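Data block below; observations after.
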Amino acid sequence: MNLIDLFGVLIYFAVLIVIGYRSVKKVSNSSDFAVAGNRIIWPILFATLAASFLGGGASMGRAGKSFEDGYVFMFAASAFPIATVLAGLYIAPRLKRYTNAHTVGDIMAHHFGAGARLFTGIFSLIFCVGILGAQALAVGTVFHAILGIDVSTGIIIGMAVVLIYSTVGGMWAVIQTDVVQFLMLAIFLPLTMLIGIHELGGPAALVERLPEAHFSLMGDYSLGMFLSIFIAFLLGETLVPPYTQRALSAPDSRHARIGYSVAGGFGFLFYFVSATIGLVALVMYPGISPDQAMPTLIRDILPMGLTGLVLASLLAVVMSTADSYLNSAAVIFVSDIYKPFINPRVSENRRLWIERLVNLLIGIGAIIFALYATSIIDALLLSYSLWAPTILLPFVFAVLFDLRCSRSAIAAMLAGATVTIAWKWGPFDLEALTGITALIAGVVANVVVFILTYRMFRAIPETAVSAEPK
């Protein structure tokens, strides 16, 4: 990389740090740190949500899988924007019924009691750290491909910047940087795709030089494999803590509905761009590692000066997701674990500083996770298996149908987690024996146990004051 491009990247980092510094003045309490004072109107909500879920997996991860398998992975992974649109229409507006709610745990506590809050907090925290580790790995991958530095060093450099602005500025800094990052990815990644196709001689030349299976709906996937990936993306990241926080940050249900739904629609376009970049990279650099497809294309085909801007946009894609999960993990620990179960009388000022400290510590933990992860998509799918089989469906049932039964939620979460762990890490290869993935087995166990327990033990739990409905 030449000095002009390197200078562009350094300016981008400087802008993020300045935003974090300026955001300190807006963060006076935990509500500002967690949900930006509930003042995020729908265009900003759309931008920050899109920037959050279009991270390393949606960009480099999907480009890498398309490099290997073709458009079939894009079709399978399109389950996530479908789920996002549906959540925007039917779930996000209902979340605004819960005043003063900051987390999924606040809402679960209202419906299912304090025990459900604790288990929700624990599982959510583990999930967020896992996803954050995948994004940290993606940051290191970008630095390695573009600058040639070691992946581990790139992880540390990129995550250090995220830690600085997210720790001092909380959700205010995260949302402001997300808007900047969204604008960069929305402009420069499609531009990279168009330049790559032009270099190959146009769309017809790209089609001619790729295997036929790379353009089919099913590719080389079996129906079972396709459905497994589709369900993983349909459930694995739907309404996860950072995205639920975005809906809670909106001033009312209308802004939550529009912002969430439009972000899901944008996801379809972005997935096509990422997948096509992977196919262009396959034609131009067939011998590279799949995770290197997008950064290698950026490094080699773009003109001087533009490379630095597009590299910054690629970093923006990854860092926008990393900062969201980092902030959410810190808020979850304090709101769902520390305050209700360790120190209920914690002052507002002390709570804010604890959130900042935890934000820093969790970021360090995610860096360690990233240093041992094998690939971006593998890290994402591993983390997905900790969300859908535990929290997602009891949460959706509660919000949609106003269900209230402590035993049903806790039993379902524990059953889903137990079956998933046994399926994935038990002494027998149950996935090979049955053809059913651990995530699907865990979800089935979660739903069955929830329904059976709810029918047996309907009860009104103690209502959580922090999530009192309007």
Side-chain angles (χ1 to χ4, degrees), residues 1-20 55-61 63-64 128-168 177 181 184-185 188-189 192 281 285 287-300 302 304 307-326 329 359-380 382-383:
M1 176 181 288
N2 59 64
L3 290 178
I4 295 176
D5 292 322
L6 182 60
F7 185 65
V9 175
L10 293 177
I11 289 177
Y12 168 67
F13 279 154
V15 168
L16 297 185
I17 293 173
V18 169
I19 289 174
S59 56
M60 288 185 294
C128 286
V129 172
I131 296 290
L132 183 57
Q135 305 311 315
L137 176 60
V139 171
T141 301
V142 175
F143 273 99
H144 174 71
I146 304 298
L147 301 179
I149 65 176
D150 184 69
V151 172
S152 299
T153 304
I155 290 171
I156 294 171
I157 294 173
M159 289 302 297
V161 175
V162 174
L163 280 172
I164 291 172
Y165 72 75
S166 65
T167 298
V168 299
T177 55
Q181 291 157 344
M184 294 180 68
L185 73 89
F188 291 120
L189 288 187
T192 300
Y285 317 105
I288 64 173
S289 166
D291 272 353
Q292 299 287 334
M294 183 175 287
T296 300
L297 195 68
I298 291 172
R299 181 192 65 198
D300 290 353
L302 298 181
M304 183 178 65
T307 301
L309 292 174
V310 179
L311 169 59
S313 72
L314 187 55
L315 286 170
V317 170
V318 181
M319 293 170 73
S320 61
T321 301
D323 59 26
S324 299
Y325 278 93
L326 186 56
N359 191 90
L360 182 64
L361 295 177
I362 289 175
I364 294 172
I367 291 172
I368 296 172
F369 175 91
L371 295 176
Y372 292 94
T374 56
S375 80
I376 299 168
I377 288 294
D378 287 344
L380 286 173
L382 176 63
S383 299

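None of the values given here were measured: they were computed from a predicted structure.
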Which pair of non-hydrogen atoms, one from Ala293 and one from Ala63, has the smallest distance, and what is that distance?
CB-O, 4.4 Å

What's the shortest heavy-atom distance between Asn359 and Leu326, and which atoms?
O-CD1, 3.1 Å

Rounded to the nearest 0.5 angstrom, the CD1-OH distance for Ile362 and Tyr325 is 14.0 Å

Who passes side chain to side chain donor-acceptor pair (under 3.5 Å) against Asp150, sequence neighbours left out?
Ser152

By side chain to side chain contact (heavy atoms under 4.5 Å, CB included), Ile157 pairs with (sequence neighbours left out) Phe143, Ile149, Thr153

Go through Leu189 and Met294 one step at a time and tell me if the side chain to side chain contact (heavy atoms under 4.5 Å, CB included) criterion holds.
CA-CA 9 Å; Leu189 288 187; Met294 183 175 287; 4.2 Å; yes

